[in-house]
Amino acid sequence: DLASINVPLLLTDMKGENLSSIEKLNKAIIVLGSEGGGVSDEVWSMANKKIISIPGAETSNAESLNVSIAAGIIAYELSKTNWLIIHLLK
């Protein structure tokens, strides 16, 4: 249950803070929403969260990205800053 885990959630959204500008965290859970529908309201309402987007999203006219493409871009961006991805939840 995500609510009981004391780890920050990084929720993906096209209008979130650019991933390349966020402070490195020791632990985090990355939550990818469904294409077009985004992250569920239940997860969105959790308090310990930060809203992130991939670089370039702020200037894009796209409504969403394919979730597997978005996951790959996020993993690549995190690898450039030496973040360690421990788990990938769907």
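Here CD1 of Ile69 is found 11.5 Å from CD1 of Ile74. Values are rounded to the nearest 0.5 Å. Note that CD1 of Ile22 is 6.5 Å distant from CD of Glu17, once rounded to the nearest 0.5 Å. Distance check, rounded to the nearest 0.5 Å: CD1 of Ile30 to NZ of Lys50 gives 13.5 Å.
Not a single donor-acceptor pair under 3.5 Å links the side chain of Lys49 to the backbone N or O of Leu11. The backbone N or O of Glu77 sits nowhere less than 3.5 Å from a side-chain atom of Ser20 that would complete a donor-acceptor pair.
The shortest side-chain heavy-atom distance between Val31 and Leu10 does not fall under the 4.5 Å cut-off.
Between Thr12 and Val39, the shortest heavy-atom distance links the atoms O-CG2, 3.8 Å. Nearest heavy atom pair, residue Leu32 against residue Ala71, reads CD1-CB, 3.5 Å. The nearest pair of heavy atoms linking Ser53 to Gly16 is OG-O, 3.0 Å. Smallest separation of non-hydrogen atoms from Asp13 and Ile51: CB-CG2, 3.6 Å.
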